[in-house]
Amino acid sequence: DALFESVSGVPRILDPETYTGVSVNCTRVDFETFVRRVREARRAAELARQADTIDDASAEWIKVFGSRLWPSDDAVRKAVAAEAAAVQPGRAVISSVGIVSPSGMAGTVTRPTRFYGRCPD
């Protein structure tokens with residue numbers, strides 16, 4: 001922070017892959033905006049990691065990744081429901097070569113099964 005505040009202009013930043021300057025066309029205002037956004041994202045990530053609930057964490061991660069890259073709660077519920085519908089618990093399909101798959105695949109459907117307790121460790 002002290003180094004950033006004490007330097008005028010834009011520091012020379014190299015791309016680690018190509019070793020070319022990535023800050024060549026940046027102004028000081030552009031660079032200050034970039035640094036501010038990195039700091040905001042870092043703070044949001046820290047708050048997300050320390051959140052007590054998934055909803056609180058999700059709200060912070062949206063600040064980091066943006067709403068276009070972070071799914072909404074409704075989108076997550078729809079995805080979970082679709083996956084649950086595709087893979088029905090207690091049902092399996094056995095293919096002609098003996099591969100066991102979730103229901104919905106081609107093969108012989110097994111009889112429904114039940115959960116009879118916890119598996120031994």
Side-chain angles (χ1 to χ4, degrees):
D1 286 337
L3 179 61
F4 170 72
E5 301 298 335
S6 66
V7 175
S8 62
V10 178
R12 185 170 174 239
I13 301 172
L14 296 177
D15 182 322
E17 283 287 317
T18 63
Y19 298 104
T20 58
V22 295
S23 58
V24 174
N25 296 322
C26 291
T27 65
R28 178 66 184 191
V29 172
D30 295 335
F31 185 70
E32 287 175 1
T33 300
F34 168 75
V35 170
R36 179 179 48 81
R37 289 183 178 166
V38 167
R39 288 176 177 164
E40 290 169 356
R42 179 180 176 188
R43 179 69 181 142
E46 289 172 358
L47 291 173
R49 293 183 61 218
Q50 297 168 2
D52 293 329
T53 67
I54 292 174
D55 291 336
D56 291 344
S58 182
E60 294 300 326
W61 285 121
I62 286 173
K63 294 176 186 176
V64 176
F65 295 109
S67 59
R68 290 179 57 204
L69 296 178
W70 192 260
S72 67
D73 292 342
D74 190 47
V76 171
R77 283 187 198 96
K78 286 180 181 177
V80 168
E83 188 168 338
V87 182
Q88 299 169 349
R91 295 264 183 189
V93 174
I94 302 172
S95 72
S96 60
V97 293
I99 297 174
V100 178
S101 304
S103 61
M105 309 293 281
T108 303
V109 178
T110 63
R111 290 182 286 161
T113 58
R114 295 195 175 107
F115 180 71
Y116 293 103
R118 202 170 81 99
C119 295
D121 293 330

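Keep in mind it's a predicted model, so treat the numbers as computed, not measured. FYI, the numbering just counts along the sequence from 1.
For R12, there are no salt bridge (Lys or Arg N to Asp or Glu O under 4.0 Å) partners at least two apart in sequence or on another chain. For R43, there are no side chain to side chain donor-acceptor pair (under 3.5 Å) partners two or more places apart in sequence or in a different chain. Remark: T27 pairs with D30 by the side chain to side chain donor-acceptor pair (under 3.5 Å) rule, at least two apart or across chains. In this view, D15 and E17, T18, T20, V22 satisfy the side-chain contact (heavy atoms from CB on, under 4.5 Å) rule, not counting sequence neighbours. For K78, the side-chain contact (heavy atoms from CB on, under 4.5 Å) criterion is met by D74, not counting sequence neighbours.
A salt bridge is defined here as a Lys NZ or Arg NE, NH1 or NH2 lying under 4.0 Å from an Asp or Glu carboxylate O, and E32 with R36 fails to meet this definition.
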Just list the side-chain donor-acceptor pairs under 3.5 Å for residues 49-56, sequence neighbours left out, or say none.
residue : atom : partner : partner atom : Å
T53     : OG1  : D56     : N            : 3.1
T53     : OG1  : D56     : OD2          : 3.1

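F34 and V24 fall into different hydrophobic clusters, defined by Ile, Leu, Val, Met, Phe, Trp and Tyr side-chain heavy atoms under 4.5 Å apart, directly or through other members.
Nearest heavy-atom pair across S23 and P11 is OG-O, 2.8 Å. Considering every non-hydrogen atom in both Y19 and L14, the closest pair reads O-CD2, 3.7 Å. Considering all non-hydrogen atoms of both residues, V10 and R28 come closest at CG2-N, 3.5 Å.
In the hydrophobic clustering (ILVMFWY side chains linked at under 4.5 Å, chained through shared members), I62 is joined by W61, V64, F65, L69, W70.
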